[in-house]
Each structure stands twice: as structure tokens, then as C-alpha cells.
Amino acid sequence: VKKCSLSGSWVNDLGSNMTIGAVNGDGNFEGSYHTAVSASPNEIKVSPLQGSMQRGTNQKGQPTFGFTVNWSFSDSITVFTGQCFVDNDGKEVLKTMWLLRSRVESINNDWKATRAGRNTFIRT
Ligand SMILES: CC(=O)N1C(=O)N[C@@H]2[C@H](CCCCC(=O)O)SC[C@@H]21
């Protein structure tokens, strides 16, 4: 099976872009995320991400991963988790699910503070 590598530039169906740097020996990586959409009223700015991928040989070149985006323009944070696949056309695809945690004024609003979703990234 062709290998799927996380490093490089990706885009999702919302038009958000992310760039992931080299994966180090521990499987950790850093990058940046430029979201096309936001729940925050603030101006969108590029934000840093940090994450890890599994490097075990049993990944068959299609590793699982997770990363956190620490939004630089709002008090929220998003964690993504997913797997890097080579699809049936030989293209690399990141299938992810995410949780967006927004800061709320009071614990009474905690119930509405977390949004969840799925998203797919392809290489730009
Ligand atoms: C991949 C995907 O679905 N999303 C994406 O690319 N942008 C939105 C969210 C952007 C949050 C910005 C900060 C805020 O609004 O507080 S994270 C999940 C979603």
C-alpha cells in the first residue's frame, strides 16, 4: 500500500488550509491552520497546531493522528483526531473528527460550549 504522510499542505471542504511540518522521531509535529470559517466575531488569523501521529509498523503506511489548534483570534480551542489514508484513486486523504470548545461566561452555559464535527482534507 502507498504510504500516507501528514507533512505538507492540506485543504478541507470548508476551504480551510493547514500546513504540517516534519514529523520528528517521537511522532510529534507542528504546523499552522488558517480556518475559512469561525463561530467567533473576531477577525480570523492563522493559528498554530501541535500534534502526534502513530508510527507503529502495523499502520501499513496509513497512520492515525491527533492535533490541537490553539486559535490565535478567539478563546476557543479545537482538537482533531483521524487517520491518513490512501484512497482508491491513490490520493492521500485525512479523515477527521473534531471538537471545538468555546469559552463560555458561566458554568451554566457549559452545556452549549462544545461543537463536534467531521471533516476530510485533501492535499493542496
Ligand atoms: C475542519 C472543520 O470542520 N473546521 C474548520 O476548518 N474550521 C471550523 C472551526 C474553526 C474554529 C475557529 C475558532 C472559533 O470559531 O472559535 S474548527 C472546526 C471547523
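As the structure lists them, so they are numbered: ligands from 1, and atoms in each ligand from 1.
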What protein heavy atom lies closest to [atom]? Include the residue and the distance to one decimal.
atom: atom 1 (C) of ligand 1; result: Asn12 ND2, 3.1 Å
atom: atom 8 (C) of ligand 1; result: Val37 CG2, 3.7 Å
atom: atom 16 (O) of ligand 1; result: Ser76 OG, 2.5 Å
atom: atom 5 (C) of ligand 1; result: Tyr33 OH, 3.4 Å
atom: atom 4 (N) of ligand 1; result: Leu14 CD1, 3.5 Å

Checklist entry - For ligand 1, is Gly117 a contact, meaning one of its heavy atoms is under 4.0 Å away? => result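 No, that is not the case, since the closest heavy atom of the residue is not under 4.0 Å from the ligand.
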
Next on the checklist: Rounded to the nearest 0.5 Å, what separates atom OG in Ser40 from atom CG in Asp75?
Outcome noted: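 Here the interatomic distance stands at 8.0 Å.
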
Item to check | Atom pair OG1/CG of Thr35 and Leu100 - distance to nearest 0.5 Å | outcome: 9.0 Å

Please could you name the atoms of ligand 1 that [X] approaches to less than 4.0 Å, counting only its heavy atoms?
X: Ser74; value: 13 (C), 14 (C), 16 (O)
X: Thr35; value: 5 (C), 6 (O), 7 (N), 8 (C), 10 (C)
X: Thr78; value: 17 (S)
X: Phe80; value: 1 (C)
X: Asn119; value: 1 (C), 2 (C), 3 (O)

Checklist entry - Within the structure, does Ala39 bring an N/O atom to less than 3.5 angstrom of an N/O atom in ligand 1? => result yes

Checklist entry - Of the options Phe73, Trp10, Trp98, Trp71, which is the one that meets Tyr33 in a ring pair (Phe, Tyr, Trp, His ring centres under 6.0 Å)? => result Trp71

Checklist entry - Do Ser72 and Ser47 have side-chain atoms, one donor and one acceptor, less than 3.5 Å apart? => result yes

Item to check | Flag for Thr96-Asn119: side-chain donor and acceptor within less than 3.5 Å | outcome: no

Checklist entry - Does Arg115 CZ have over 12 foreign heavy atoms under 6.0 Å away? => result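 Open.
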
Checklist entry - Thinking salt bridges, do Arg118 and Asp13 make one under a 4.0 Å N-O criterion? => result no

Checklist entry - Taking the side chain from Asp89 and the backbone from Lys91, do they hold a donor-acceptor pair closer than 3.5 Å? => result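 Between the backbone of Lys91 and the side chain of Asp89 there is no qualifying donor-acceptor contact (under 3.5 Å).
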
